[in-house]
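Everything on this sheet refers to the single structure shown next.
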2 protein chains.
Amino acid sequence: MDALETRELRYFIAVAEELHFGRAAERLGMAQPPLSRAIQRLEKRLGVCLLDRDRRGVRLTGAGQVLLHEGRAALDATAAAARRTRRSGSTDHPGGSRERLVIAVKAAASHDLLQRLLDAYAAEPDAAEIEVLAGGFTEQEQMLRDGRADVALLIAPFNSLAGFDSEELLTEGRIAVLPARHPLATRKFLSMADISDVPDLPIARWPRHGAYAPGPGPEVRDHTQLAQLIALGRTMAVVPDSARTWLWHEHAAVPLTDAPPVHTHIAWPPHSRSLALAGLIRTATRLIPDTAPTAATME
Amino acid sequence: MDALETRELRYFIAVAEELHFGRAAERLGMAQPPLSRAIQRLEKRLGVCLLDRDRRGVRLTGAGQVLLHEGRAALDATAAAARRTRRSGSTDHPGGSRERLVIAVKAAASHDLLQRLLDAYAAEPDAAEIEVLAGGFTEQEQMLRDGRADVALLIAPFNSLAGFDSEELLTEGRIAVLPARHPLATRKFLSMADISDVPDLPIARWPRHGAYAPGPGPEVRDHTQLAQLIALGRTMAVVPDSARTWLWHEHAAVPLTDAPPVHTHIAWPPHSRSLALAGLIRTATRLIPDTAPTAATME
DNA sequence: TCTTACGATACCCACCAGGTATCAGCCCAG
DNA sequence: CTGGGCTGATACCTGGTGGGTATCGTAAGA
């Protein structure tokens with residue numbers, strides 16, 4: 001029983017995601033027949049049926065779902081191995097350019113926290129060079145999983161901490177961002193019930209796992225788009241308190257009393273022998289008392 | 001830049017572990033020249049030097065060490081993907097034989113805890129079939145990492161919980177196991193200082209990561225061997241309290257006042273969509289109050 | 001019934017993984 | 001300093017297989 005090759009995993013995952021051999025082959029840059037054969041061989045090798053091909057589309061069997069999940073994790077791990085090795089090699093022999101850390105953050109989120117972290121870390125005696133990689137929605141999480149980043153600021157409940165080591169750095173409430181001229185904008189506080197069903201101001205919808213949930217609000221893809229729609233009086237949004245940094249004059253921010261809080265964590269892969277990373281994490285945990293004294297006991 | 005294949009990872013890891021191309025090739029069941037070529041190709045592909053071959057042996061570069069660690073994790077992940085898929089498939093269509101969970105435990109450790117866990121779980125209405133896989137020293141951890149098991153009882157500080165989700169089930173002190181006829185055996189309590197340097201009773205040494213640490217005590221590989229040597233008056237051992245289950249008449253157990261405690265956790269891979277696993281974990285956490293009320297606040 | 005769509009099959013080629021034989025540097029024995 | 005042995009690299013060959021094109025079988029829709 002020889003081992004699963006990463007190529008086979010890539011192929012299967014493409015098919016499992018597209019649920020269509022033709023499109024999957026196109027995505028993989030190959031013809032359809034070899035892809036079909038590869039999947040057949042994979043099924044035979046595993047002794048398991050992965051896909052139900054009953055005319056009218058392809059569907060995943062239970063085993064197929066398992067392989068999709070586990071295979072993604074495995075592919076991420078191998079991609080991470082390759083990337084981290086490459087990066088480690090580039091600073092290996094050549095005279096010793098300092099170790100370099102890549103931190104992934106969600107663009108514009110936790111901005112001042114990141115600022116303080118970088119400042120504090122730069123003051124350390126043996127600080128490594130830090131590269132900041134800003135990604136969209138849940139992209140920082142993926143960057144950490146596949147080795148594009150060494151460490152990330154992840155935001156619960158939007159990101160999953162599963163499989164990472166992490167420390168909580170910041171807990172914040174949420175605010176409703178409204179058009180400044182809307183009647184609700186004058187309120188001192190709001191509850192979720194107050195805003196969940198305002199006819200002329202439906203809540204904007206963000207993509208979740210690549211798709212939009214159904215609902216009345218407009219679909220938005222980035223902060224700029226959202227900010228504009230709010231300024232135009234077309235929608236509102238519920239965002240973490242720290243999002244105040246990017247508000248416009250035409251916006252009003254009203255604290256929500258009963259929205260679930262948002263937790264920002266610093267997260268890193270659970271092995272990781274890097275001294276530079278350890279230093280950064282130590283620096284980060286020292287920031288905690290400034291923002292949330294004894295936060296560890298609050299949960 | 002095409003992706004790292006698992007075959008290449010296997011090859012590199014073999015060489016990195018043996019630090020010898022010939023032996024690595026033998027271990028892989030292949031000839032040496034193709035192995036050399038494969039490693040060269042890998043280095044070229046990654047654009048990184050992985051090994052220093054300066055006569056007098058092969059050594060890992062920094063990048064090589066990174067790839068060894070990350071690559072092991074990646075290989076474990078792909079092996080886990082294959083195994084979990086196979087297992088999931090075998091109970092997939094055929095009329096619905098119940099889901100089957102594999103739990104890995106260290107042989108003879110936490111025996112009564114495991115007993116209570118299995119009993120409690122079996123009483124659940126929708127209980128899955130549970131297979132118990134007993135392994136040696138740190139083998140349960142590896143079994144969980146590479147997919148031979150779905151869940152494991154891991155014992156800190158001997159196992160690493162890195163990369164797993166876990167719940168602490170049990171905290172216990174440690175005891176010194178002595179020959180019953182030794183003078184120290186009559187004591188009510190002992191401290192580490194009392195036993196760390198007894199000339200006629202050196203502490204037995206267990207293998208750590210495949211090698212024995214240097215020291216005066218005899219090298220032991222399993223409980224039986226240890227038990228016999230203790231009964232013969234040749235050595236003593238420091239073990240968790242629950243090890244009392246396997247003591248002989250010729251043994252005496254004396255609690256240690258200042259030995260670091262041992263924590264038994266139930267651990268599982270951090271993704272895992274399995275309902276059966278969720279049920280088992282729920283059952284396990286319900287066991288906690290029986291043994292260590294509000295243990296979560298003790299740390 | 002004809003068309004269309006999609007996955008499977010048949011067949012072919014080219015590449016490369018792996019084998020054997022051999023070379024090349026280094027160490028040690030004498 | 002010279003020859004043998006050890007170890008990794010190189011040269012060259014072969015077979016398996018990954019990938020391509022052409023085509024088929026079948027089910028759904030017009």
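Scope of the values below: all heavy atoms of this structure, side chains included, with no hydrogens, waters or symmetry mates. In what follows, chains carry the letters A, B, and so on, assigned in the order in which the sequence lines appear, proteins first and then strands, with residues in each chain numbered from 1. Since this is a predicted model, take the numbers as computed values, not measurements.
Looking at A:Asp150 and A:Arg87, a side-chain N of the basic residue comes within less than 4.0 Å of a carboxylate O on the acidic one, giving a salt bridge. Using a 4.0 Å cut-off between a side-chain N of Lys or Arg and a carboxylate O of Asp or Glu, A:Glu43 and A:Arg53 qualify as a salt bridge.
At whole-Å resolution of the value, CE in B:Met30 and C1' in D:dG8 are 14 Å apart. With rounding to whole Å, B:Leu42 atom CG is found 12 Å from C:dA17 atom P. Following rounding to the nearest Å, B:Arg59 (CZ) and D:dG8 (P) show an atom-to-atom distance of 12 Å. The distance between atom CD of A:Gln40 and atom C1' of D:dG18, rounded to the nearest whole Å, is 14 Å. One atom, CG of A:Leu50, and another, P of C:dG7, lie 15 Å apart when rounded to the nearest Å. For the pair A:Ile39 CD1 and D:dG19 P, the interatomic distance rounds to 12 Å; values are reported in whole Å. For A:Glu5 and D:dG18, the CD to C1' distance is 12 Å, given to the nearest whole Å. When the P atom of D:dG20 is taken as reference, atom CG of A:Leu35 falls 10 Å away, rounded to whole Å.
In this structure, B:Tyr11 and B:Ala38 approach most closely via the heavy-atom pair CD1-CB, 3.7 Å.
Between the side chains of B:Glu70 and A:Thr85, no donor-acceptor pair of N or O atoms lies under 3.5 Å.
Distances were taken from every side-chain heavy atom of B:Gln32 (C-beta onward) to each of D:dG18, D:dA9, C:dG7; the shortest belongs to D:dA9. Closest to the side chain of B:Arg53, from the set C:dG7, D:dG19, D:dA9, is D:dA9. For A:Arg7, whose side chain is taken as the heavy atoms from C-beta onward, the closest listed nucleotide among C:dT20, D:dG8, D:dG19 is D:dG19. For B:Pro33, the listed nucleotide lying nearest its side chain is D:dT10; candidates were D:dA22, D:dT10, C:dG7.
Within a 6.0 Å sphere centred on CZ of B:Arg234, other residues, nucleotides and ligands contribute 12 heavy atoms or fewer. A 6.0 Å sphere centred on CD of B:Gln142 holds more than 12 heavy atoms belonging to other residues, nucleotides or ligands. Counting heavy atoms of neighbouring residues, nucleotides and ligands inside a 6.0 Å radius, atom CD of A:Gln228 does not exceed 12 of them.
Contact of the B:Leu50 side chain with the B:Leu42 side chain is registered, since non-hydrogen atoms from C-beta on lie closer than 4.5 Å.
Among residues two or more places apart in sequence or in another chain, the side chain to side chain contact (heavy atoms under 4.5 Å, CB included) test is passed with B:Ala278 by none.
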List every contact pair, protein side and nucleotides 12-17 of chain D side both N or O, where the distance is under 3.5 Å.
none

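Of the residues in residues 8-25 of chain B, those with a non-hydrogen atom less than 4.0 angstrom from any atom of DNA chain D are B:His20, B:Phe21, B:Gly22.
Applying the 4.0 Å criterion to OP1 and OP2 of D:dG8, one finds that B:Ser36 has every side-chain N and O outside that range.
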